[in-house]
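For ligands, and for the atoms within them, numbers begin at 1 and follow the listed sequence. Just so it is clear, the structure is predicted and the values come from calculations on it, not from any experiment.
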Amino acid sequence: MKHHIEIQKVATSKAGELDFSNIPLGTTFTDHMFICDYANGEWGVPRIQPLELIPTHPAAMALHYGQAIFEGMKATVGVDGSPMLFRADKNAARLNFSADRMGMPDFPEDLFVEGLKQLVALEHNWIPPMDGSALYLRPFMYADEPFIGMRAANNYKFIVMASPAGPFFTNRIKLYAETKYIRAVEGGTGEAKAAGNYAAAIRPTEIAKSKGYDQVLWLDAVEHKYIQEVGTMNIFFKIDGKFVTPKRDGAILDGITRMSVIDLLRHKGYEVTERSITIDEIEEASKNKTLEEAFGTGTAVGIAYIQEIGFEGRTIHVSDESPVGLDVNDTLNAIKTGKIEDPFNWMIKVEKELV
Ligand SMILES: *Cc1c(COP(=O)(O)O)cnc(C)c1O
């Protein structure tokens with residue numbers, strides 16, 4: 001189905017004011033946003049309009065009961081100059097998985113992808129061209145019905161904002177294996193990309209940072225023993241030549257970078273197993289010198305190499321090199337910029353003349 005999207009453009013774009021070599025992180029937004037309202041059981045006319053403030057009723061239900069979910073994805077520009085989206089269909093499907101868990105309405109997946117394409121076409125001058133840079137896209141949905149009382153809201157907004165992002169630091173990170181606080185438990189909301197999951201993670205993350213770590217390594221809620229994931233990333237280990245990553249247990253986020261890295265590693269001939277991994281096993285492998293690599297995967301950073309994990313006052317060291325992680329990161333970036341062939345058909349081309 002072809003969707004009609006109403007478009008209202010800004011009089012003058014601010015894209016020219018941006019210095020691509022010095023992009024402040026998370027505070028720069030493009031000229032426009034995609035927006036669609038849900039009322040009376042259906043989504044209204046989708047619009048692309050100038051990014052502006054949205055009046056909020058103090059009783060808006062998202063503020064009180066937390067019906068709020070989001071996505072994170074990137075648009076890049078190929079060597080031929082055309083903008084591209086990475087696996088946007090997966091983000092569309094995951095948004096609806098999250099919506100279902102949080103009692104929110106589905107957003108049509110073809111409209112999700114079409115809206116992103118048209119927004120990216122309109123904002124293509126905002127896509128930083130340098131390697132590792134991208135236009136970060138933030139689709140999100142929240143309950144904006146003014147109501148005091150506990151039930152699913154009747155009114156929602158679906159919005160996509162875009163924010164240019166420079167290359168992330170590739171400094172190796174230190175993780176703090178958290179044994180007191182938990183992120184998610186089977187049956188909870190850990191598999192949904194829900195705002196509330198982050199709310200619960202903020203204080204533990206601040207504590208980890210005050211101890212000199214970059215991020216929390218989340219362990220399972222029951223035994224504080226099985227590794228789940230890192231703050232905003234999934235996690236991979238290379239032990240004795242083979243890769244392992246925690247299996248999806250209903251509590252970890254089903255990362256699109258995670259699933260892509262699994263495919264890429266297998267494509268490169270490595271064995272990858274999704275299974276339960278205990279923190280003790282990782283500590284043991286570190287002692288035996290068989291822990292060869294550890295890295296986190298997520299849209300924002302790509303691949304983040306892990307230097308060490310603090311666990312119960314001890315330090316689990318990871319080998320100084322991460323050759324396979326680096327190679328996979330390079331391959332992923334080369335696919336995203338069309339520098340190498342895309343063997344999996346992940347990239348979705350955007351016509352600049354779309355709008
Ligand atoms: C978004 C997210 C990830 C990474 O998912 P990608 O689709 O790879 O960006 C991992 N863990 C959590 C908790 C997340 O919210």
What atoms in ligand 1 come closer than 4.0 Å to a heavy atom of [X]?
X	result
G255	5 (O), 6 (P), 7 (O), 8 (O)
I256	6 (P), 7 (O), 8 (O)
E229	10 (C), 11 (N), 12 (C), 13 (C)
R183	13 (C)
R94	5 (O), 6 (P), 7 (O)

- Verify same cluster id: L95, M73 (apolar side-chain graph, 4.5 Å):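 Yes, it is one cluster - the side chains of L95 and M73 are joined through contacts under 4.5 Å.
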
What do you reckon, does [X] have a nitrogen or oxygen under 3.5 Å from a nitrogen or oxygen of ligand 1?
X	value
T257	yes
N234	no
Y198	yes
R258	no

> Okay, side chain of D89, backbone of V113: is any donor-acceptor separation there less than 3.5 Å?
Replying inline: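 Absent.
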
### Message
Over 60° means perpendicular and under 30° means parallel, so tell me whether Y176 and Y213 are parallel, tilted or perpendicular.
### Response
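Y176 and Y213: tilted rings.
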
Going by atom types only, do S82 and K352 share a side-chain donor-acceptor pair under 3.5 Å?
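The answer is no; no qualifying pair exists.
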
| Would you say the side chains of K90 and S260 form a donor-acceptor pair under 3.5 Å? |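 Their side chains do not contain a donor-acceptor pair, so the 3.5 Å distance test is not met.
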
Which bit of [X] is near ligand 1, meaning a heavy atom under 4.0 Å away: side chain, backbone, both or neither?
X	result
L253	side chain
M73	neither
T232	backbone

Show the nearest heavy-atom pair for residues D214 and R172, with the distance to one decimal.
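Taking every non-hydrogen atom into account, OD2-O, 4.4 Å.
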
### Query
Can you name the closest pair of heavy atoms from A251 and E186 and give their distance?
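What the structure gives for the nearest pair is CB-N, 3.9 Å.
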
| ring pair (Phe, Tyr, Trp, His ring centres under 6.0 Å) contacts touching residues 87-113 (sequence neighbours left out) |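 Sorted result for residues 87-113: W43-F107, F107-F158, F112-F158.
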
Is any NZ, NE, NH1 or NH2 atom of the basic residue among E178 and R183 found under 4.0 Å from an Asp or Glu carboxylate oxygen of the other?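 Salt bridge: no.
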
Residue-ligand contact G231/ligand 1, heavy atom below 4.0 Å: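 Judged by the 4.0 Å heavy-atom criterion, G231 does count as contacting ligand 1.
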
Top protein contact for atom 9 (O) of ligand 1, by heavy-atom distance:
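Going by distance alone, atom 9 (O) of ligand 1 is nearest to T299 OG1, 2.6 Å.
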
Item to complete: Measure from atom 1 (C) of ligand 1 to every heavy atom in K193, K90, E71 and give the option owning the shortest one.
Response: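 Among K193, K90, E71, the closest heavy atom to atom 1 (C) of ligand 1 comes from K193.
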
Ring centre gap for Y270 and F236 strictly below 6.0 Å
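Centroid distance Y270-F236: not below 6.0 Å, so no.
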
